[in-house]
Amino acid sequence: MVRTRFAPSPTGYLHIGGARTALFNWLYARNKGGKFILRIEDTDLERSTEASVNAILDGMKWLGLDWDEGPFFQTQRMQRYQYFANKLLEEGKAYYCYCTPEELHERREKALKEGKKPTYDRRCRNLKEPVAGRKPVIRFKAPHDGETVVKDIIKGMVVFKNEELDDLVIVRSDGVPTYNFAVVIDDVDMNITHIIRGDDHLNNTPRQIQIYKALNFELPVFAHVPMILGSDKTRLSKRHGATSVMAYKEMGYLNKALVNYLVRLGWSCGDEEIFSINEMIQKFNIENIGKSAAVFNPEKLLWLNAHYIKQTPTEELAMLAKDFFEKKGYSITEKSKFERIVESLKPRCRTLLEFTEMGSVYFENEFDYDVASVNKFFADKDDSILSLIKTALENTALLDEKKFEDMVKGIAAQKNVKVVTVAQQLRIALSGKTVSPGLFDIIDVIGKEKTLYRLQRAIDFITKKA
RNA sequence: GGUCCCAUCGUCUAGAGGCCCAGGACAUUGCCCUCUCACGGCAAAAACGCGGGUUCGAAUCCCGCUGGGACUACCA
């Protein structure tokens with residue numbers, strides 16, 4: 001039975017990189033009919049917060065990455081780490097070290113200055129007596145010679161010389177285990193079969209393998225996936241823009257779009273770009289994960305989001321968009337009318353936030369007129385076209401789209417101008433700009449009264465200007 | 001500095017020795033559609049980092065170089 005896990009440390013929100021790691025683990029487990037476990041690595045007491053735990057959980061839920069077991073918290077498993085630390089101590093595979101962080105730091109600096117390796121010199125390894133007045137850490141007795149090989153199904157066989165690895169601290173002076181130790185105990189206790197994680201952990205892996213061996217644990221399968229980079233090819237971080245998963249939700253991205261984007265970042269399936277969740281589960285495999293780091297490309301995410309917006313049924317989309325409109329102060333009363341609005345905006349918007357921007361035309365009556373648009377279409381200060389439209393609309397009952405178009409064309413013929421001129425003048429009257437959803441959509445949604453109001457307002461604007 | 005990883009269009013990638021004077025997608029440009037903007041359709045431009053090998057033949061294998069990244073904590 002395949003068992004994978006996602007093990008974030010709660011020191012911030014769920015970010016893009018973590019989300020992709022979680023997704024890969026989740027997909028692999030689902031593909032194999034296995035289990036996906038969530039574990040919170042909160043042994044860094046200083047930086048871990050409950051708010052971060054909740055933020056991560058929210059992010060996972062929004063992406064639809066449900067877990068089968070957990071969340072487990074490392075801080076609630078202290079006795080397990082103590083047990084194995086003691087075991088190593090008793091078996092002579094670990095020892096107390098009384099060096100202070102300050103001493104260690106000094107020695108490291110000194111070694112670096114002298115051009116030597118800044119590794120721990122193992123001076124406490126054979127200490128017979130405790131050092132009075134100091135709280136020791138526990139260090140792992142790493143082998144001096146030989147090599148440790150990481151068998152990684154993405155990177156291949158990676159060989160590390162043991163002389164490069166020093167005696168790492170496995171338990172801090174306050175009794176809290178360090179990452180490299182806790183992660184091993186946890187993965188073994190939770191029967192994790194496949195460890196899929198960022199390749200920033202590849203260098204840690206030989207140390208962990210040494211601990212597995214010292215404790216006679218069976219090794220899991222390792223798969224180190226390449227990092228996600230920003231546009232400048234350095235590790236993706238805040239300065240590259242939004243990195244929080246939930247920030248994308250707030251910006252009006254659909255979870256399906258983000259997940260689809262993420263799965264294709266570092267993984268491929270021939271020429272395929274669009275995957276439903278089920279297709280992903282069915283097709284995901286570790287073999288097709290690439291070896292090189294990938295640059296996060298917001299443009300492509302935007303394209304995918306637009307794709308999923310177009311693909312989402314309008315009724316469903318309207319429910320998602322509602323919050324965004326209400327947040328902007330536009331109250332949604334009639335469901336069917338709102339769906340009409342959403343429908344008209346659907347092919348024009350790439351995010352839900354854009355719906356509210358372009359959609360303002362349906363809600364605002366007292367807008368400003370765009371200067372460039374006015375200069376282009378009302379330069380001659382002639383309101384006759386708008387007046388004709390107004391008269392035509394005043395004398396008609398509810399138009400259908402065909403009749404509306406005939407009217408516009410008729411006025412164009414009558415005034416001997418292009419249809420587009422009439423349309424654009426009307427558009428500016430209705431929206432203040434030369435860009436908007438379809439004219440008929442607008443008048444149909446806002447109704448006769450508001451249409452006439454906006455026409456008169458535009459006529460006043462033009463004539464006042466004259 | 002040391003260790004480790006990586007290297008195909010601007011970006012995500014296909015490519016597992018001949019099917020590749022390198023395919024798809026995003027972005028870009030042009031054309032068509034059209035009441036504007038979009039959508040949609042069509043088309044174009046755009047890459048195997050460099051140098052050595054191996055081989056009848058290399059984007060694909062090997063070595064070196066260069067470049068990028070990660071790690072180097074009583075962080076994870």
Side-chain angles (χ1 to χ4, degrees), chain A residues 7-11 41-44 46-48 97 99-101 104-105 108 111-112 115-120 135-139 150 152 154-156 158-161 164-166 168-174 176-180 182-183 197-206 224 226-227 229 231 233-235 261 264-274 287-288 290-304 306 310 345-350 358 373 404-405 408-409 412 418-428 431 433-440:
Chain A
S9 60
T11 55
E41 308 216 323
D42 55 354
T43 54
D44 184 345
E46 303 281 308
R47 298 195 301 150
S48 299
C97 168
C99 302
T100 65
L104 259 15
H105 183 74
R108 214 174 286 131
L112 232 33
K116 291 179 193 160
K117 286 178 193 176
T119 50
Y120 177 65
K135 274 194 151 185
V137 300
I138 300 174
R139 280 185 188 273
V150 179
D152 189 281
I154 293 174
K155 305 283 186 183
V158 185
V159 181
F160 293 85
K161 290 191 177 66
E164 300 291 341
L165 309 168
D166 55 4
L168 75 157
V169 172
I170 55 174
V171 178
R172 299 173 173 88
S173 52
D174 63 0
V176 179
T178 58
Y179 165 72
N180 279 304
V183 75
R197 70 201 343 175
D199 71 4
D200 48 335
H201 287 290
L202 187 56
N203 286 296
N204 288 321
T205 309
H224 286 93
M227 308 258 76
L229 273 25
S231 50
K233 305 222 174 192
T234 61
R235 192 183 180 138
Y261 179 71
R264 279 284 292 105
L265 202 56
W267 175 81
S268 63
C269 184
D271 283 346
E272 292 183 62
E273 294 287 350
I274 308 290
E287 300 84 78
N288 287 345
K291 289 177 144 205
S292 47
V295 174
F296 183 79
N297 181 353
E299 289 294 327
K300 187 164 182 183
L301 172 57
L302 222 33
W303 170 74
L304 272 166
K310 275 172 259 170
L345 262 13
K346 218 168 158 179
R348 293 168 227 270
C349 298
R350 299 184 296 178
M358 188 162 243
S373 305
F404 168 75
E405 279 173 10
V408 171
K409 282 174 188 163
K418 288 181 182 169
V419 172
V420 66
T421 306
V422 177
Q424 288 299 66
Q425 290 204 9
L426 174 56
R427 190 182 313 283
I428 296 168
S431 71
K433 305 182 296 271
T434 47
V435 174
S436 80
L439 293 169
F440 183 72

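In what follows, chains are A, B, ... by sequence order, proteins preceding strands, each numbered from 1.
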Residue matched to [N] through Watson-Crick or wobble contacts both under 3.5 angstrom:
{"N": "G40(B)", "result": "C32(B)"}
{"N": "C21(B)", "result": "none"}
{"N": "G1(B)", "result": "U72(B)"}
{"N": "A7(B)", "result": "U66(B)"}
{"N": "U60(B)", "result": "none"}

With rounding to the closest Å, how many angstrom separate the [atom1] atoms on [N] and [M]?
{"N": "A25(B)", "M": "C9(B)", "atom1": "C1'", "answer": "12 Å"}
{"N": "U3(B)", "M": "A73(B)", "atom1": "P", "answer": "15 Å"}
{"N": "G24(B)", "M": "A45(B)", "atom1": "P", "answer": "12 Å"}
{"N": "C50(B)", "M": "U66(B)", "atom1": "C1'", "answer": "7 Å"}
{"N": "G1(B)", "M": "C19(B)", "atom1": "P", "answer": "41 Å"}
{"N": "A22(B)", "M": "A59(B)", "atom1": "C1'", "answer": "8 Å"}
{"N": "U8(B)", "M": "C20(B)", "atom1": "C1'", "answer": "12 Å"}
{"N": "G67(B)", "M": "C26(B)", "atom1": "C1'", "answer": "25 Å"}

Select base, sugar-phosphate, or nothing to describe what [X] touches, counting heavy atoms under 4.0 Å on all strands.
{"X": "Lys346(A)", "answer": "nothing"}
{"X": "Leu265(A)", "answer": "sugar-phosphate"}
{"X": "Thr434(A)", "answer": "base"}
{"X": "Pro8(A)", "answer": "nothing"}
{"X": "Asn204(A)", "answer": "base"}
{"X": "Phe160(A)", "answer": "sugar-phosphate"}
{"X": "Cys99(A)", "answer": "base"}
{"X": "Val422(A)", "answer": "nothing"}
{"X": "Arg47(A)", "answer": "base"}
{"X": "Glu273(A)", "answer": "base"}
{"X": "Gly438(A)", "answer": "base"}
{"X": "His201(A)", "answer": "base"}

Inset, instruction - Could I get the full list of ring pair (Phe, Tyr, Trp, His ring centres under 6.0 Å) partners for Tyr179(A), not counting sequence neighbours? - result: His201(A)

Legend entry - Qualifying residues under ring pair (Phe, Tyr, Trp, His ring centres under 6.0 Å), relative to Phe404(A), sequence neighbours excluded: Phe440(A)

Legend entry - Position toward the 5' end of RNA chain B (nearest nucleotide), Val158(A) or Arg172(A): Val158(A)

Legend entry - 5′-ward residue of the pair Cys349(A)/Lys155(A) relative to RNA chain B: Lys155(A)

Distance-only, no hydrogens or angles: does the [X] side chain make a donor-acceptor pair with backbone N or O of [Y] under 3.5 Å?
{"X": "Tyr261(A)", "Y": "Pro298(A)", "answer": "no"}
{"X": "Arg264(A)", "Y": "Glu272(A)", "answer": "yes"}
{"X": "Thr178(A)", "Y": "Val169(A)", "answer": "yes"}

Inset, instruction - Please list, in 5' to 3' order, the outermost nucleotides of RNA chain B lying under 4.0 Å from any heavy atom of chain A. - result: G1(B) to A76(B)

Tell me every residue that passes side-chain contact (heavy atoms from CB on, under 4.5 Å) with [X], counting only those two or more places apart in sequence or in another chain.
{"X": "Ser173(A)", "value": "Lys135(A), Val137(A)"}
{"X": "Lys161(A)", "value": "Glu163(A), Glu164(A)"}
{"X": "Lys433(A)", "value": "Asp370(A), Ser431(A)"}

Legend entry - Rounded distance (nearest 0.5 Å) linking atom CG of Asp166(A) with atom CG of Leu168(A): 7.0 Å

